[in-house]
Amino acid sequence: MLKLAWRNIWRHPRRTLLTLLAIAFASAVLVFFIGLQLSSYDATINATISIFNGALQIQKEGYHDSPQMRLTLDDSNKLLEEVRKVEGVRAAAPRAVGFALLSSGSRTYGAQVVGVEPEVEAQVSTIPGLVKRGRYFQRSDELGVVIGEDLARNLKVSLGDELTLLGQGMEGSMAATVLPVVGIFSSGSEELDRLMAQLPLDTFRETFSMRGSIHSIVISVDRVADVEDIEKRIVDSELLDPNQVVLRWDELIPGIKQMIELDMSSGWFFYSTLIMIVAFSVVNTFFMAVLERTREFCVMLSLGMRPGYLCRTVILESVMLVAGGIIAGMLLGALIILYFGKVGFSVPGMEEMARQFNLPGAIYPRVSLRALTDGPSVIFLTSLFAVLFPATRVWRLNPIEGIRQV
Amino acid sequence: MARVPFGAGGGLIKNLSDNSKHPTIICESVERLYQQGDVTVHALAGVSLTIECGEFVSLCGPSGSGKTTLLNCVAGLDIPTSGEVYLIGNKISSMSKTELADLRLNNVGFVFQAYNLVPVLSAQENVEFVMELQGMSKKLRGEKARSVLREVGLEGMEHRRPAELSGGQQQRVAVARAIASEPQLVLADEPTANLDSKTSASLMDIMRKMNEDHGITFVFSTHDQLVMDRARRLVRMHDGLIESDEIQS
Ligand SMILES: Nc1ncnc2c1ncn2[C@@H]1O[C@H](COP(=O)(O)OP(=O)(O)O)[C@@H](O)[C@H]1O
Ligand SMILES: [Mg+2]
């Protein structure tokens, strides 16, 4: 009965086209906005993790929850080499972390002190590139410190000034040294700019009595979307000791994930309004179609068409119509995404804000399966559900009412 | 009136040699009451009627006498308030909606007063409709539809939509659709009401010919004298009752 359904759809070309357009428009809007949203999340995630945290970190079990100096990774050089070979891993860098008081003579502030390997740090973090005054480290045994610009302001120090570092090293020893400020960075992250001081790794180890140990291996990846696969590969490769763990970015910075989920649900609030309008237009079209065809349906029932069969024909009609609209909308939405993927999508004012937070100024949306299917599938299901109302009318139809002559 | 000796277990599968043992229609004291506000309308006030296979029967009577209601009850489209209807040996009151649909599909053809074609289908497709529901192959039903359309004088109009046909031509398509699947019975409710007398006469001739050539039982309602004259049996109704029932020469 495909033929019958097809012809009935085109019985009122204008009404059908309007409904089709409504469905296609809504699908296209959903595809585009969800695509944009997903891409902007990717951009945000990328920007956030590339500042300092990396996509993945290897740590001793329990270190993330309570970062104690003694929870170290030992003999990490071989592990580093192996991790760098894992498919999808772009770079891996060792870090050691401690806490200390920094004093400039007149002022004293607490800081997170991070020991970094200068040669590879730039491949997992943008901070080496964000040094606004002075320079980053060149050697691992260099004597010097790089600090955030808010910390520098609080301490009232500038390039070349000496800082006294006072903290607790491994196994309760005293960590104390005096180092010149060689660089001041501005990352856009208020927390990092106010709290972080970096030392070359060897200098850090010396100061904190760490010998050859580190606290974490920071990993950057080729594609953030693949991070779960990469994590799995590392775990499956049995490179790790049983008490070493791999943490993903969303475990390292849980705030981002929550922010994204919140944003997504507020997006759906807007989308559902749109979907309701479409569903309403579909119901309207089919109610009208069913009403004006009551007589015809009654004739078909009288001739011996089963009520269930008639119902299915009506539902088939709506599925064809809705599917047609959705496919058109998906194509249109994908085209719009492709276009903005080329030229970039930005809202006036966004670029300025983005620069402030060290985010890319425009979003270059990508077509993804989720963007293509999330919205349209909801439209499809909602419309089908909506069509059940006119369909039940057909099911309950009493043929003698339709054929009785007035 | 004799009880049906065969019971209702005739089955839904069309089997002419078996079914022809039953009278085509048996109505036993059929009553159909309609409640209209406080008033109860006796659309059928106790009708008993037997119609044998191969008859050509006209139900006549003034408007409101219950002709349509009787035809609907016979077809299983309406449910009698009391009494019993047997259609080709099947007790209608004990059948489900779907079983009734199948019984009609395989044994009963319909012609209504007007507008009873599917507007989006061509004349030939309308005629094929019932056979398509029956699951007949495309080739076979196409051949049958063309030959029946030729019989009713519509050769060359197979591909016109109903809107492109005159009222008389539409009714002929409806007759063609009713008989194409070779049912045992064709029910026609005022088939000529919207036609002029010349067209009515030719439609009646076609139905009469189908009755004679194919042995199909015809029952039609009318209040058109010209149509009554062509019936072999004339059943007069008045106020929901049978007033007279006579064989015409
Ligand atoms: N659905 C209905 N509700 C109320 N009264 C009805 C209904 N159908 C038929 N009737 C009444 O039943 C009587 C018989 O109607 P009908 O069978 O249509 O007569 P005919 O076909 O002979 O003109 C009429 O008085 C009509 O008003
Ligand atoms: Mg009538």
Side-chain angles (χ1 to χ4, degrees), chain A residues 1-17 19 285-286 288-318 320-321 324 391-406, chain B residues 12 14 32 34 43 63 67-69 71-73 75-79 96-122 125-134 138 161-163 174 177-178 180-181 183 187 189-190 193-194 221:
Chain A
M1 288 278 123
L2 225 72
K3 174 182 67 185
L4 198 62
W6 176 252
R7 289 200 194 156
N8 275 318
I9 286 176
W10 293 107
R11 202 154 158 176
H12 295 282
R14 215 171 47 161
R15 191 163 77 198
T16 300
L17 277 176
T19 314
T285 302
F286 276 91
M288 273 166 63
V290 166
L291 278 183
E292 74 188 2
R293 275 153 63 195
T294 301
R295 189 183 164 81
E296 177 185 332
F297 288 156
C298 290
V299 167
M300 296 201 267
L301 290 172
S302 307
L303 293 177
M305 186 183 246
R306 292 183 181 182
Y309 192 83
L310 181 59
C311 241
R312 285 203 298 275
T313 318
V314 173
I315 291 175
L316 178 66
E317 263 175 51
S318 53
M320 282 164 72
L321 183 67
T392 53
R393 222 194 114 84
V394 172
W395 173 254
R396 288 198 313 256
L397 210 56
N398 183 357
I400 56 169
E401 269 153 40
I403 53 181
R404 181 169 285 279
Q405 294 295 325
V406 203
Chain B
L12 301 180
K14 186 175 172 181
R32 180 65 171 103
Y34 287 112
S63 184
K67 306 183 293 292
T68 300
T69 309
L71 288 178
N72 287 341
C73 286
L77 296 172
D78 202 354
I79 299 149
S96 73
K97 245 174 144 177
T98 306
E99 286 172 329
L100 279 170
D102 288 350
L103 179 66
R104 281 198 298 276
L105 179 64
N106 293 311
N107 299 290
V108 186
F110 275 96
V111 181
F112 303 104
Q113 186 172 329
Y115 313 115
N116 60 53
L117 301 177
V118 181
V120 294
L121 299 180
S122 70
E125 287 163 343
N126 262 288
V127 176
E128 285 183 38
F129 183 81
V130 173
M131 295 183 276
E132 190 173 348
L133 288 183
Q134 288 174 337
K138 193 170 167 54
R161 296 272 176 103
R177 179 180 62 190
S181 59
L187 298 174
D189 194 9
E190 313 220 18
N194 289 16
S221 74

- Item | Distance, nearest 0.5 Å, that separates OG1 of B:Thr68 from CD of B:Glu190 | 6.0 Å
- Query: Does any N or O in the side chain of B:Glu99 come within less than 3.5 Å of the main-chain N or O of B:Ser96, such that one atom is a donor and the other an acceptor?
  - Reply: yes
- Task: Using side-chain hydrogen bond (donor to acceptor under 3.5 Å, both in side chains) as the criterion, list what pairs up with B:Arg161, not counting sequence neighbours.
- Result: none
- Message: B:Asp189 vs B:Lys67, test: salt bridge (charged side-chain N to carboxylate O under 4.0 Å, His left out). Steps then yes/no.
- Response: CA-CA 8 Å; B:Asp189 194 9; B:Lys67 306 183 293 292; over 6 Å; no
- Item | Heavy-atom contacts under 4.5 Å, residues 6-17 of chain A to chain B | A:Arg7, A:Asn8, A:Arg11
- Query: Considering only heavy atoms, which portion of B:Leu121 lies under 4.5 Å from any heavy atom of chain A: side chain, backbone, both, or neither?
  - Reply: both
- Main-chain N/O of B:Ser122 paired to B:Glu125 side chain as donor or acceptor, under 3.5 Å: yes
- Identify which part of B:Glu132 has an atom lying under 4.5 Å from any heavy atom of chain A, answering side chain, backbone, both or neither. side chain
- Message: Does any backbone or side-chain atom of A:Tyr309 lie under 4.5 Å from a heavy atom of chain B? Answer side chain, backbone, both or neither.
- Response: side chain
- Message: A:Val394 and side-chain contact (heavy atoms from CB on, under 4.5 Å): which single residue from A:Leu301, A:Val314, A:Ile315 fits?
- Response: A:Val314
- Where the side chain of B:Arg104 meets the backbone of A:Ser302, is there a donor-acceptor pair that is under 3.5 Å apart? yes
